[in-house]
Amino acid sequence: MRRLGKWVRQNRAGAWLLAALLSAVGALPARAQVQDYPRQRPDLDRLMQELFAEPQSDQVPYEDLYETLLQYLQTPLNLNTATREELTGLLLLSQPQITALLEHRERNGALLSLYELQSIDELDLRTIYRLAPFATVGEPSGNAVRGPLWQRIRQEDNNALFLRYERVLEERKGYTAPTLNSNGTASSRYLGSPDKLLVRFRTSHARDFSVGLAAEKDAGEQFAWSPSTRRYGFDYYSAHLGLFERGQLKAVIVGDYQLQFGQGLLLSSGLQVGKGAETITTLRRSNLGIRPYTSVLESSFFRGAAATVAPAPGWRLTGFASLKRVDATLRSALADSLEEETTDFASGLLLTGFHRTASELRNRRSLREGVVGGNVSFAPAGSQLSLGLTAVGTTFGQPLQRRPEPYNRYEFGGRQNLAVSAHYSYGWRNLSLFGETARSSSGGLGTVNGLLASLGSDVDAAVLYRHYARNFHTLYGNAFGENTRNINESGLYLGLKLRPVARWELSAYYDQFRFPWLRYQVSAPSRGYDWLVRVAFSPTKTSQLYAQVRTRQKAYDADDVRPMPEPVPTLRRSLLLFYDTNPTPILSLRTRLQGTHHRQHLGPRRTGYLLAQDVAVQPLRTLRLSARYALFDTDDYDTRQYAYEQDVLYAFSVPALAGRGTRVYALAEYKMGRHVTVWVRYASTTYRGQQTVGSGLEEIQGPQRSEVKAQLRLTL
């Protein structure tokens with residue numbers, strides 16, 4: 001590949017002449033040979049570690065993020081038809097690289113092969129290797145010539161049925177016989193079995209169709225048939241049918257879908273990295289519009305129908321409607337003391353998706369949620385200008401009324417919320433401006449604006465400012481920020497990426513933020529900062545070494561007893577050393593050493609460490625084995641350690657490790673012929689000096705927690 005790329009760059013005129021001749025004479029056999037790029041197996045775990053700086057919670061929906069990458073893997077982006085927004089959505093290309101690719105396509109026509117990417121000066125070999133598994137160079141059109149829709153669906157190569165099973169081997173308290181409480185009532189227990197089951201079917205073709213069906217039962221949930229309680233076997237179902245590029249009808253999806261407009265201030269979905277080790281390309285969100293929802297996470301999606309039409313060149317109109325029931329805690333309050341009337345209200349929305357106990361079942365789909373809205377976008381062809389307006393209206397069956405705590409004073413309350421926003425993006429030379437500003441029914445404003453600049457061939461910089469008022473309410477947004485929700489926050493982000501010499505790269509960011517109103521466990525307005533520096537070195541094409549330092553300071557109420565709650569600065573500093581190498585084509589080694597120290601104001605400094613060694617070997621073409629052995633030692637839960645683990649396809653694992661002990665896992669992937677692939681995984685954590693593991697209904701008597709997982713993929 002390198003030799004071909006060198007030849008193409010040195011003989012560019014000859015290369016294009018050859019490509020033109022191939023196209024002109026319709027030399028199909030020769031063209032097929034040129035395009036026959038052997039797609040390599042992507043190292044998704046390594047890519048995730050390059051994008052995300054440091055996992056700090058097991059509550060982040062990494063599986064949803066991971067699945068977005070897998071969707072690109074299953075349905076590669078066609079570089080001959082991809083728009084700027086679609087290329088940006090991959091998070092692997094900078095704006096100058098995207099501009100160079102689009103200009104190359106405009107000057108020379110459709111790409112003949114992925115090898116041709118090497119003739120674009122802005123694309124280095126590392127970027128091409130990262131991009132190749134998720135991209136292709138097919139024909140610009142051709143759905144009609146592939147036959148009727150039913151035939152295209154039936155003959156699609158990437159259709160597959162997944163069956164997954166997993167279970168914790170040790171007995172947990174939730175599955176034991178209930179005991180009697182002091183008031184004589186039986187204690188809460190899980191109602192279902194400890195088995196977790198998943199069935200999923202998905203087939204799709206880029207710019208043509210998407211069909212998906214998923215059913216899931218979590219551990220502890222019942223497999224029950226009870227129409228009166230809206231339970232039909234599995235606890236959760238999801239399905240969709242999507243059609244794309246039908247003349248002026250650009251997209252229509254019936255079933256479960258997600259939406260991404262502007263910078264995600266009102267509607268956000270898919271792969272959102274936020275502050276990560278990739279300090280530039282992940283900052284700007286893409287205007288991707290309607291997308292199928294294929295995850296098994298039971299929140300953050302819409303259920304109904306959505307469609308996008310293009311009434312004129314450059315214009316896109318999108319409308320959507322959704323009606324579903326969501327989990328919520330319903331309560332009753334005395335509305336009129338004289339007439340003794342009561343009114344129901346929801347004290348909060350529940351996002352875990354667990355329905356294992358009697359109380360969780362009472363909250364299951366107890367609140368009706370209706371959403372309607374639309375978007376109009378204008379992006380003239382050949383221009384880097386994009387403008388748009390978005391409106392989202394939400395109505396709940398019962399009003400939301402949160403607990404009367406001071407930090408909830410400006411939170412959303414009531415039954416209805418209408419939010420409107422305007423978004424823009426504009427590119428000029430090596431600069432890219434983007435932003436979105438929104439207003440909710442409460443009068444609160446939210447705005448996020450950024451600038452990406454390529455200051456040279458080896459220097460990229462970014463600036464982003466955001467302000468989300470304390471009474472700004474966006475129920476489905478996930479724009480850039482420090483908080484998990486876009487409310488009560490202002491901040492300024494500065495990012496930098498340098499490539500001073502070949503094989504070396506330096507990434508850094510600094511983020512200053514403040515919260516003008518109270519937050520949960522923070523009893524006064526507060527501020528903080530977060531900075532990161534990562535130095536990466538690639539000694540060979542198949543190895544990488546990097547070191548990373550991250551420091552974050554935020555305020556939390558002091559742990560010690562005080563007359564009044566008082567926020568004090570809390571510092572968390574982490575160090576990561578990572579080395580990844582492939583000494584032979586069949587052997588991969590990965591070493592990780594990370595440490596954290598945590599200190600609240602003038603209190604004692606607490607520390608935590610983790611050392612992990614990964615080995616992956618592929619002795620046969622049909623068999624791949626992976627394993628890890630890790631040691632961890634932390635003073636408490638505040639210094640817990642997170643590390644990505646390899647898992648079965650479409651699954652993701654980031655366990656929280658606190659205390660002292662060892663963590664091991666082994667994963668086997670075996671292809672049983674052309675249509676069947678099997679994964680088997682075993683993982684175990686053993687703690688030293690502990691008599692129990694976990695808490696509440698997840699408590700295990702003993703020092704060990706282990707789980708097994710098996711998955712079958714059947715290509716139809």
Side-chain angles (χ1 to χ4, degrees), residues 64-65 67-68 70-72 74-75 77-78 81-90 143 149 153 202-214 238-272 285-295 297 299-311 314-324 369-379 386-394 419-421 423 425 436 474-479:
D64 192 25
L65 308 176
E67 186 166 299
T68 302
L70 288 168
Q71 287 182 26
Y72 282 119
Q74 187 180 29
T75 308
L77 191 62
N78 188 347
T81 59
T83 64
R84 176 177 291 275
E85 296 296 329
E86 290 172 333
L87 292 168
T88 303
L90 271 177
N143 290 334
L149 175 63
I153 294 176
R202 174 85 193 278
T203 182
S204 62
H205 192 93
R207 292 178 176 266
D208 191 2
F209 65 85
S210 177
V211 180
L213 172 67
S238 177
H240 77 269
L241 169 63
L243 301 176
F244 307 95
E245 300 297 335
R246 300 294 192 276
Q248 290 187 328
L249 180 62
K250 295 302 177 182
V252 57
I253 294 179
V254 178
D256 292 350
Y257 61 91
Q258 48 190 342
L259 300 163
Q260 169 74 43
F261 291 111
Q263 296 306 304
L265 198 50
L266 297 188
L267 296 167
S268 174
S269 65
L271 186 60
Q272 312 295 351
R285 304 286 169 83
S286 299
N287 199 48
L288 296 176
I290 309 170
R291 303 179 63 218
Y293 186 76
T294 60
S295 174
L297 298 176
S299 60
S300 305
F301 68 92
F302 300 99
R303 177 162 291 176
T308 297
V309 297
W315 288 91
R316 296 287 179 104
L317 301 178
T318 299
F320 56 89
S322 170
L323 180 62
K324 69 178 192 290
E369 177 199 72
V371 184
V372 295
N375 171 269
V376 53
S377 296
F378 176 63
S386 176
L387 303 171
L389 297 172
T390 304
V392 184
T394 306
V420 295
S421 77
H423 59 84
S425 65
E436 183 175 10
T474 172
L475 302 176
Y476 318 99
N478 185 24

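Numbers here simply count residues along the sequence, with the first being 1.
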Quiz item: Would Leu259 and Ile290 satisfy side-chain contact (heavy atoms from CB on, under 4.5 Å), going step by step from the backbone distance to the final call?
Solution: CA-CA 5 Å; Leu259 300 163; Ile290 309 170; 3.9 Å; yes

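- For Arg303, the salt bridge (charged side-chain N to carboxylate O under 4.0 Å, His left out) partners are Asp256, not counting sequence neighbours.
- Taking all atoms of both residues into account, the shortest heavy-atom contact from Leu265 to Thr474 is O-OG1, 2.6 Å.
- The side-chain contact (heavy atoms from CB on, under 4.5 Å) test applied to Ser425 returns Glu85, Arg284, Ser386, Phe434, not counting sequence neighbours.
- Partners of Phe302 by ring pair (Phe, Tyr, Trp, His ring centres under 6.0 Å), not counting sequence neighbours, listed by chain and number: Tyr257, Tyr476.
- Applying the side-chain contact (heavy atoms from CB on, under 4.5 Å) test to Ser210 and every residue at least two apart in sequence or in another chain returns Arg202, Ser204, His240, Phe244, Pro292.
- Taken to the nearest 0.5 Å, the CG atom of Asn287 stands 10.5 Å off from the OG1 atom of Thr88.
- Contact check for His423 versus Asn375: side-chain heavy atoms found under the 4.5 Å cut-off.
- Atom NZ of Lys250 and atom CG of Leu317 lie 12.5 Å apart (nearest 0.5 Å).
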Exercise. With side-chain contact (heavy atoms from CB on, under 4.5 Å) as the test, would you mind laying out the steps for Ile253 and Phe320 before giving the verdict?
Key: CA-CA 9 Å; Ile253 294 179; Phe320 56 89; over 6 Å; no

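- Contact check for Leu77 versus Leu87: side-chain heavy atoms found under the 4.5 Å cut-off.
- In this structure, Glu436 contributes its side chain and Gly262 its backbone to no donor-acceptor pair below 3.5 Å.
- Without hydrogens or angle criteria, Arg207 side chain to Thr81 main chain gives a donor-acceptor distance under 3.5 Å.
- For Phe301, the ring pair (Phe, Tyr, Trp, His ring centres under 6.0 Å) partners two or more places apart in sequence, or in a different chain, are Tyr293.
- Between the Arg285 side chain and the Gln260 main chain, no donor and acceptor come within less than 3.5 Å of each other.
- Listed by chain and number, the residues in a side-chain contact (heavy atoms from CB on, under 4.5 Å) with Leu323 are Arg368 (sequence neighbours excluded).
- Smallest separation of non-hydrogen atoms from Phe261 and Thr390: CB-OG1, 3.9 Å.
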